[in-house]
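Here's the structure we're looking at; comments come further down.
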Amino acid sequence: MTLRGRLTAAFLVVVLGPVLLGAFFVGATMAAVDRGRSAERLGLAAATVRTSVDALCQQLRAAADAVALAPDAAGRAGAARQVVSRGLAAAVVVADVTGQVRYATPGAPAQPWLDCSAARPARGPVRVLGARVGLRDRAGRDLGTVAAAQPVDPAFVARLAAVTGVAVTLLDGAGGADRVAHTTEAAGVRDAVLAAAGTAAGDRVAETADGRYVRRAGPAPGQPLPLVLSVRSEQPPGLYAALTGAVVLAALLAVLAAWRLARVTTRPLMELAGAVDRVTHGELDTRVPVRSRDEIGRLASAFNRMTQETGSYVQALTSSRDQLRGHLAVLGDTLASTHDLQRILRVILHSAIAATGARAGAVLLVDGAVLVGQCAEGLDGRWPTGPAPGPADASALRVPVGSGVVGAVAATGEARRGRAEPFAPPTGEPRCETYVAVPFAAPGGPVGAARPGVDPGGTAWPGVDPGGTAWPGVDPVGAARSADPGGAEPAPPAAALGVLALYDRLGADEFDDDDLVTLRTFAGHAAVAVDNVRAHEEAQRLSLTDPLTGLWNYRYLRESIRREVERASRFGRMLSVLALDLDRFKAVNDTWGHAAGDAVLVEFARRVRGEIREVDLAFRQGGEEFVVLLPETDARGATIVAERLGAAVRGAPVALDGPDGVAIAVTVSVGIAVYPDHATTGQQVLDAADEALYAAKAAGRDAWRLADPRPWPPTQELPVLAGAVTPADGLPRAGAPAVPPDDPPRVVAPAGPAEVDPARIDPAVARAALVGPAEVAPARIDPAVARAALVGPAEVDPARADPDVARVAPGGASSGPHPPRQSRGR
């Protein structure tokens, strides 16, 4: 131990010892007094609870006796109602000697009731407290019992708490473990009170960790309720805090006095020893005051020079290390988030700002002729015009390619840095004082290579490269100039994917060449990220779409039909499927060639997209076969869509590009199937639509056909007694069936909807279609006749059908409200 430590320890022992002993004595005395007072208060509360419950039991017995004294049943009923109306009991039940209830007041709680005379805890939750007396006639014969009850509910427990002045908890005895049935305890202390009650037995008082005292009250003779009483400590709330504060204050004063005494005694040596210790822990900015010119003063001066030189070297090494870590972190985040473009760009922008010391920055990507902001940081108060968007709304940053600083960087592919012109016209860029902007392109792109006609200062002038390609010029403030004032062809579009721009370096200094090199490194990472994400999106799109028509392909059809069938089943909706096939398409290929056939397919896909809703899905299944999914659409709506598609295809021939002006007339056949009317799975719905398509082809083409409904499962008609005869003794019994057991069951078809007018159905036809004549066997019923009697032939045009018959067909409206769907990117 050092000299300063020994002096400080001696002073603290002398001063703090008596203070700590006195504080301990005061705290122990106050705790003993508080525990005694709390135990006395809980004992008084337990006696009060016992008296209150006993008084309630006596009241219930008196009420039951009053009812039992009535001479007859009517009198007892009247007395029971009077007892309940006066509030002497909540319910009265009169039972005979067998225990069967003969009378009970309305709203009587369910049995069992806890009897007031019970001395053991109940085996289940206590809901009602009751008192039971014997019922006898004038001769003294036992007629049963009369019970009066009072519910044990939260209001009852609250009244006990109000009478005793302590918190009361009624335990639930089910399962043998202490559980709360009703309580007036606060929610935050219930568990602690229950845990303390488990350690309290008899008149013993337990204590919780938060300073509450707990005691059990019952069950006992005259008080059968299992109750737990608790009371808060009566100690002053700030006693221990005051004692602790006094001790801490005394300790601080003692430490301050000891430190002052030791410092004055050993100040020079301790300063030097402390400085050496801090240097060993990395605090290289430590300095020792030179208070004299003796040997200790010269040692302090040499120590200060040594720490200053060492700090300079360590600062340079730390800066290099931090830059290396930043670059590695950016690279790791980029590789780990290849498909999350927004996250990658945010990480790159944040790392670039941290590495260069910029105040703000943005990443913009080329979208046509405009640079659109993808992510931004620190642009609050820098927006050029209009209200400031939200923190995450970087898309409000839009700069035309060739306009301003970032627009010129995107157009020329040359990085720029410098100070903003104070009177430059607004271009949509953020306001700033200094800037640095670097373009980035796909790996291997032309960005970064010197273009013809661009001087080293970054100002581009009209010029033509050896290949004859004209490039636009950019003036010093960034406004694009025409490459040829005489009307030369405009320059090709910029090869850059986007621009990484930083604004206003900390310290108001301009960005230097090192910042430009660092920013080019981050821009290269951004280019790789954008190229990878776009390649991934394009690969995903090509894997799900048909390259010729742009419709979804067969692979996405299998996934979509499964998803749509699950959705229709979950929400109880319908799903219609159209199977389309161009009529005699082979003749088109054989006559005009496959190029003409491809043109017909492309035009047909365009017309299909024009006739369906946004929520509908169109697929090319293969060749000239197509499929359309119509969510939340029934058979009537599907037939309307099929009519529109047929009219759109046959209405105008497909004109071919060429000097001959050939126009090919095509038609389409459509098969319609509806889930769940025609099938129960996605593949079955597709198969049903294909079968309907074959039927449309067989019927002459250029038409639509609805699939046949799936067969309904047969049902068995159960015999019912024609009439019921009450037996002589009035007791129910099993009777003989109305028909012989060997009577064969009859198979019936399902009936049509109830909204069909019964007067318009031939009774004979309906009976023959449903169950057939009594003498006809079920096997001889014609299913086609039964189906025609119920729903009519599937080939009937819905527009020409009888309205009453049309209502018989399954399905509802053509479409309904649709859940949100993702865009299909046509």
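Numbers here simply count residues along the sequence, with the first being 1.
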- Residues Glu566 and Arg563 bridged, charged N to O under 4.0 Å: no

- Identify whether the distance between the nearest side-chain nitrogen and carboxylate oxygen of Asp512 and Arg505 falls below 4.0 Å. yes

- Query: So do the side chains of Val279 and Leu284 get within less than 4.5 Å of each other, counting heavy atoms only?
  - Reply: yes

- Look at the side chain of Asp277 and the backbone N and O of Ala273, then say whether any donor-acceptor pair between them is shorter than 3.5 Å. no

- Item | Check: Phe604 ring centroid to Phe626 ring centroid under 6.0 Å | yes

- Message: Checking the side chain of Thr286 only, and the main-chain atoms of Glu283 only, is there a donor and an acceptor separated by less than 3.5 Å?
- Response: yes

- Is a donor on one side and an acceptor on the other found under 3.5 Å between the side chain of Asp616 and the backbone of Leu630? no

- Message: Taking side chain to side chain contact (heavy atoms under 4.5 Å, CB included) as the criterion, tell me which of Arg567, Arg573, Arg613 meets it with Pro631.
- Response: Arg613

- Query: With Glu603, which residues qualify under salt bridge (Lys or Arg N to Asp or Glu O under 4.0 Å), at least two apart?
  - Reply: Arg606, Arg607

- Hey, is the main chain of Val406 close enough, under 3.5 Å, to the side chain of Glu429 for a donor-acceptor pair? yes

- Query: Ion pair present between Arg398 and Asp367, side-chain N to carboxylate O less than 4.0 angstrom?
  - Reply: no

- Verify the distance criterion only: is there a donor paired with an acceptor across the side chains of Asp515 and Thr518 at less than 3.5 Å? no

- Side-chain donor/acceptor of Ser576 to backbone N/O of Thr633, under 3.5 Å: yes

- Any salt bridge between Asp504 and Arg359, counting N to O under 4.0 Å? no

- Message: Run the ring-ring contact (aromatic ring centres under 6.0 Å, His included) test against Phe511 and tell me which residues pass, sequence neighbours left out.
- Response: none

